[in-house]
Amino acid sequence: MTRLEDIDGLRRLANTPFAGQEFSPLGVSPFLILASDALRQLAGVFDRDRLNAWLASLPCPVIGIAAGCDNHLPDMACDAIVSSEAELGRITANIRKAPLAAATLVQVLRTTETLPIGDALIVESLAYATLQAGPEFGAWLEMFRPPEASGTADGLPVLIDRSGERLTLVLNRPASRNALSVEMRDALCEALELAVADPTIRTVSISGAGRCFSVGGDLAEFGGVPDPATGHAIRAIRMPARVLAECADRAEFRLHGACIGAGVELPAFARHVTAKARTFFQLPEITFGLIPGAGGCVSLPRRIGRQRTAWLALSARRIDATISLRWGLIDAVL
């Protein structure tokens with residue numbers, strides 16, 4: 001039984017010894033669904049806290065169905081909220097294709113919700129490293145064909161300009177749609193470290209050259225680390241999110257076009273984020289057998305909540321600037 005229609009069904013399941021073991025990547029079902037009636041009844045029952053705690057202990061995504069909720073019911077233990085059967089079908093299909101990544105995602109989001117940012121980033125990185133050694137990412141790598149080179153990169157990967165109290169950074173690989181390569185990552189870290197070290201810099205403005213802000217991590221470099229443990233060690237010392245978090249109260253992002261993966265995970269840390277009207281946002285990592293690994297499991301829940309973050313990551317759907325503004329992912333549409 002993967003779908004609970006009412007509160008009595010939830011109680012019976014929660015009171016059955018070892019029933020929770022059925023819901024996991026290795027069990028009968030890699031997800032549990034709470035139908036709209038069960039979700040509505042759960043809001044007012046006397047044993048709500050106990051049932052919510054049981055749901056939160058499951059090693060799989062718990063998906064609630066609630067029409068008109070805008071993917072957000074913060075008082076419920078559900079990991080993600082959908083408003084229709086069509087949304088539910090898309091999410092459950094992705095979970096079935098990558099059950100290990102889906103389970104890891106929701107466990108990381110539950111764990112990091114109340115942790116300090118630095119500690120939360122360590123948890124995200126360790127989970128990401130675990131999945132890099134997993135069969136789902138391995139299967140994706142076997143089928144992946146690196147994109148053809150889109151021209152020779154000219155100039156610096158990040159343009160840096162200091163004018164008085166303002167530091168302006170521009171991602172400068174428009175030919176690759178500002179894919180976050182190792183070269184760009186290191187350059188961005190160094191520029192942000194300047195802002196952290198110099199308190200006279202009051203504003204750090206970050207944008208992207210070309211057609212879009214960033215399509216996220218450079219797929220051509222995926223799987224390029226010697227091993228997952230080394231990958232985690234590298235992220236611990238060369239992760240833009242960690243440095244950005246230290247100067248986030250002075251950072252502003254100006255977004256346009258595609259903001260995918262790291263292209264939305266990093267801006268979500270900032271004090272102020274604006275976007276052009278045709279900007280869109282997407283977290284596609286589950287289709288690779290991974291979770292957001294550029295800080296998104298930490299930055300996005302702090303902006304839009306854990307449930308909306310899980311919905312974005314599990315559905316891999318694009319959202320536009322209008323929805324992003326309503327959710328608080330961005331602060332203004334230009």
Side-chain angles (χ1 to χ4, degrees), residues 1-14 19-20 22-43 45 48 51-52 54-110 136 280-292 296-297 300-301 304-320 322-324 326-327 329:
M1 179 173 57
T2 62
R3 183 178 180 127
L4 301 177
E5 298 292 344
D6 56 38
I7 197 68
D8 291 333
L10 175 57
R11 285 197 181 108
R12 283 194 297 271
L13 197 59
E22 297 181 9
F23 301 96
S24 80
L26 309 178
V28 175
S29 174
F31 53 80
L32 178 65
I33 301 166
L34 292 184
S36 54
D37 285 347
L39 201 59
R40 187 185 68 254
Q41 294 164 8
L42 178 59
V45 294
R48 168 184 165 181
L51 294 174
N52 271 331
W54 182 80
L55 290 169
S57 72
L58 294 177
C60 73
V62 177
I63 313 298
I65 306 173
C69 68
D70 205 17
N71 307 102
H72 188 55
L73 288 175
D75 294 333
M76 297 297 175
C78 297
D79 295 296
I81 304 293
V82 299
S83 59
S84 68
E85 293 293 333
E87 278 187 28
L88 178 65
R90 183 181 182 112
I91 282 180
T92 54
N94 284 341
I95 295 172
R96 289 190 187 280
K97 291 176 182 176
L100 294 169
T104 302
L105 170 77
V106 298
Q107 289 175 316
V108 168
L109 293 177
R110 295 170 192 166
E136 294 163 2
F280 69 86
F281 304 87
Q282 185 180 21
L283 295 177
E285 289 87 353
I286 194 170
T287 63
F288 313 145
L290 296 172
I291 62 173
C297 292
L300 286 162
I304 63 175
R306 176 171 62 88
Q307 292 168 336
R308 285 172 174 159
T309 301
W311 182 91
L312 272 176
L314 292 173
S315 70
R317 285 188 59 182
R318 295 180 178 184
I319 60 170
D320 60 22
T322 301
I323 294 175
S324 301
R326 187 169 73 240
W327 285 7
L329 183 56

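As the structure is a prediction and not an experimental result, all values here were calculated from the model.
Atom CZ of Arg11 and atom CG of Leu4 lie 12.5 Å apart (nearest 0.5 Å). Atom CD1 of Ile81 and atom CD1 of Ile91 lie 9.5 Å apart (nearest 0.5 Å). Here the OG-CZ distance, from Ser29 to Phe23, works out to 6.0 Å after rounding to the nearest 0.5 Å. Residue Leu42 holds its CG atom at 4.5 Å from CD1 of Ile7, rounded to the nearest 0.5 Å. Within the model, atoms CZ of Arg40 and CD1 of Ile65 stand 12.5 Å from one another, a figure rounded to the nearest 0.5 Å. With rounding to the nearest 0.5 Å, the separation of CG in Leu32 from CH2 in Trp54 is 6.0 Å.
Side-chain contact between Trp327 and Leu312 is present, with heavy atoms from C-beta onward closer than 4.5 Å. Taking 4.5 Å as the limit, some side-chain heavy atom of Cys297 sits within range of a side-chain heavy atom of Ile291. Between Ile286 and Leu314 there is a side-chain heavy-atom pair separated by less than 4.5 Å. Leu55 has its side chain within reach of Asn52: a pair of non-hydrogen atoms, C-beta onward, lies under 4.5 Å apart. Contact check for Val106 versus Arg306: no side-chain heavy atoms found under the 4.5 Å cut-off. Inter-residue side-chain proximity for Asp75 and Arg48 is flagged as met; some heavy-atom pair is nearer than 4.5 Å. Proximity of Leu109 to Asp79: side-chain heavy atoms (C-beta onward) are nowhere separated by under 4.5 Å.
Asp320 contributes a side-chain N or O that, together with a main-chain N or O of Thr322, makes up a donor-acceptor pair within less than 3.5 Å. Between the Gln282 side chain and the Ala316 main chain, a donor and an acceptor come within less than 3.5 Å of each other.
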Query raised in the report: Stepwise, does the side-chain contact (heavy atoms from CB on, under 4.5 Å) test hold for Cys78 with Leu39?
Result: CA-CA 9 Å; Cys78 297; Leu39 201 59; 3.5 Å; yes
**Report entry** Criterion side-chain contact (heavy atoms from CB on, under 4.5 Å) on Gln41 and Leu10, from CA distance to verdict
**Finding:** CA-CA 10 Å; Gln41 294 164 8; Leu10 175 57; over 6 Å; no
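Closest approach of Ala43 to Met76, counting heavy atoms only: CB-CE, 3.2 Å. Closest non-hydrogen pair, Gly20 versus Pro59, comes out as O-CD, 4.3 Å. For the pair Glu5 and Ala35, the tightest heavy-atom approach, listed with the atom from each and the gap, is OE1-CB, 3.2 Å. Listed here is the closest heavy atom pair of Ala80 and Ala310: CB-CB, 4.2 Å. Taking both residues in full, the closest heavy atoms of Ala103 and Cys60 are given as CB-CA, 4.4 Å, listed atom of the first, atom of the second, then distance. Smallest separation of non-hydrogen atoms from Pro301 and Gly296: CD-O, 3.3 Å.
Judged as a side-chain hydrogen bond (donor to acceptor under 3.5 Å, both in side chains), and not counting sequence neighbours, Arg318 has no contacts. Scored by the ring pair (Phe, Tyr, Trp, His ring centres under 6.0 Å) test, Phe288 finds Trp140, Phe222 as partners (sequence neighbours excluded).
Legend: side chain to side chain donor-acceptor pair (under 3.5 Å) pairs involving residues 84-100, not counting sequence neighbours, sorted by first then second residue: Arg3-Glu85, Asn71-Glu87, Ser83-Glu87, Glu87-Trp311.
A side-chain contact (heavy atoms from CB on, under 4.5 Å) with Leu329 is found for one member of Ile319, Thr309, Ile323 and no other, namely Ile319.
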